[in-house]
Amino acid sequence: MKKETIRINKKVINLDIIVPFNDVTISKEGSAKLGYNQKTYDGKDLSVVDQMTLMAETLKLSYKDKINYKLYASHSSDISKKSTERLIESGYTILAGKEHYIPGRTSNKIYAYNNITDGDYSLIIDSDLLFINYDDVFTGKTLSAQLRKNMPLWEGEVPPIFGDKSEIVWRYLYDKANIPLLEIKAGYDFGGASHYNNGAILIKNSYKESFKKIIFECRDIVMKEFDVLDTFPQFRHFLAEIIMSLALIKSDKCENFPPDFNVLTPEWKDDYNWGVVHYGAISNLNKFTGSLVVNDAIQKWDFNK
């Protein structure tokens, strides 16, 4: 019997990894989130640029030869020459972004939804991610994120104008955004409080412009309803999360990331191959030194550049 040769045609995906950031010091008093104090680089804590260069090292180790990707750093405020040189050395192309009217420190992210890069997909992410294990989540999706089921509108203390009526507020916003109160996707109760933390979105580049219009529509709805929140500066950070949560659901194209992608600061387990983790602070970064990828990345990465 003649042997048949089987050829597997694997599509090559060109991925644009875009990190919106601003290299600034945020004082505790003026922070979008009380208790959050992101310093500029001083050797004691991680600046945004520190996070981005460490991320670049984990990408080189986890994604090398597995996918075609380009790294982009997008900023809307001035960055120092030292930061620019450091990012370029780590493999970033610098994009001058644009500030948009969404309160909080994520307000320049919308610029990433312009067609400013030339790949098939864009992965738009926070700076504090570690790419520990390669996971091909980049094909066959128009839009993907990680909505958490039935999360409260706010984590922790809520503004007095809401009291304990979190789900009622979500339902009210769904109504304003013309989102049906029913299960749109299997396993997710979109009639409750589905919440996205703004940490990672995968989007087909051809869908960017359409999705940006939905973001602006949801932004205008939320800001019209909750302009009063300007009197509660510690909650501005969450407004961007509410806006993006509504936009992802309203688009009706969002699929859920696998549970090991954009995981929020889990405890490290030796027997679990985390994909992408969102560590948030240097104390959480220390949890992942049990990973060979993270250890190797730290060895290649100089804290004192």
Decide side chain to side chain contact (heavy atoms under 4.5 Å, CB included) for Ile17 and Leu15; before the verdict, give the C-alpha distance in whole Å, the side-chain angles of both, and the deciding distance to 0.1 Å.
-> CA-CA 6 Å; Ile17 301 176; Leu15 179 68; 3.8 Å; yes
Could you give me the CA-CA distance, side-chain angles and deciding distance for Asp65 and Lys60, then say whether salt bridge (charged side-chain N to carboxylate O under 4.0 Å, His left out) is met?
-> CA-CA 9 Å; Asp65 301 328; Lys60 290 173 190 173; over 6 Å; no
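When the ring-ring contact (aromatic ring centres under 6.0 Å, His included) test is applied to Phe216, the partners found at least two apart in sequence or on another chain are His100. Applying the ring-ring contact (aromatic ring centres under 6.0 Å, His included) rule to Tyr92 yields no partners; only residues at least two apart in sequence or on another chain are considered. Every residue meeting the salt bridge (charged side-chain N to carboxylate O under 4.0 Å, His left out) condition with Lys70, not counting sequence neighbours, appears here in chain and number order: Asp118. Every residue was checked against the side-chain hydrogen bond (donor to acceptor under 3.5 Å, both in side chains) condition with Lys141, not counting sequence neighbours, and none meets it. Evaluation of the side-chain hydrogen bond (donor to acceptor under 3.5 Å, both in side chains) rule for Ser127 yields Gln51 as partners, not counting sequence neighbours. When the side-chain hydrogen bond (donor to acceptor under 3.5 Å, both in side chains) test is applied to Asn114, the partners found at least two apart in sequence or on another chain are Lys212. Listed by chain and residue number, Asn205, Lys208 satisfy the side-chain hydrogen bond (donor to acceptor under 3.5 Å, both in side chains) test with Ser122 (two or more places apart in sequence, or in another chain). Under the side-chain contact (heavy atoms from CB on, under 4.5 Å) criterion, Thr53 pairs with Val49, Arg86, Leu87, Ser90, Trp301, sequence neighbours left out. In this view, Ser80 and Asp23, Lys82, Ser83 satisfy the side-chain contact (heavy atoms from CB on, under 4.5 Å) rule, not counting sequence neighbours. Applying the ring-ring contact (aromatic ring centres under 6.0 Å, His included) rule to Phe21 yields no partners; only residues at least two apart in sequence or on another chain are considered. In this structure, the side-chain contact (heavy atoms from CB on, under 4.5 Å) partners of Thr93, at least two apart in sequence or on a different chain, are Tyr72. Residues satisfying the side-chain contact (heavy atoms from CB on, under 4.5 Å) test with Lys176, not counting sequence neighbours, are Tyr172, Ile221, Glu225.
Side-chain rings of Tyr279 and Phe288 stay apart, their centers remaining 6.0 Å or farther from each other. Taking the six-membered ring for Trp and the full ring otherwise, Phe138 and Tyr121 have centroids separated by 6.0 Å or more.
For Val137 against Pro258, the heavy-atom pair with the smallest separation is CG1-CG, 3.5 Å. Closest approach of Glu267 to Trp274, counting heavy atoms only: O-CZ2, 3.4 Å. The shortest non-hydrogen separation linking Ser291 to Trp268 is CB-CH2, 3.5 Å. A pairwise comparison of heavy atoms in Tyr111 and Ser74 identifies CD2-OG, 3.5 Å as the closest pair. Here the closest heavy-atom approach between residue Asp126 and residue Met55 is recorded as O-CE, 3.1 Å. Shown here for Asn262 and Ala200, the closest heavy-atom pair between the two residues is ND2-N, 3.7 Å.
Taken from CG in Asp16 to CG in Leu71, the straight-line distance is 10.0 Å, to the nearest 0.5 Å. To the nearest 0.5 angstrom, Cys254 atom SG is 10.0 Å from Gln146 atom CD. Taken to the nearest 0.5 Å, the OH atom of Tyr63 stands 8.5 Å off from the CG atom of Asn133. Separation of atoms CD1 (Ile132) and OG (Ser62) is listed at 7.5 Å; rounding is to 0.5 Å. Taking CG of Leu95 as the start and CD1 of Ile18 as the end, the distance is 7.0 Å to the nearest 0.5 Å.
Leu123 and Leu129 fall within a single hydrophobic cluster, where Ile, Leu, Val, Met, Phe, Trp and Tyr are joined by side-chain heavy atoms under 4.5 Å apart, directly or via other members. Under a hydrophobic-cluster definition in which Ile, Leu, Val, Met, Phe, Trp and Tyr are linked whenever side-chain heavy atoms come within less than 4.5 Å, directly or via other members, Leu61 and Val294 are assigned to different clusters. Tracing side-chain contacts under 4.5 Å through hydrophobic residues (I, L, V, M, F, W, Y), one reaches Ile249 starting from Phe211; they form part of the same cluster.
Between the side chains of Ser76 and Asn22, at least one donor-acceptor pair of N or O atoms lies under 3.5 Å.
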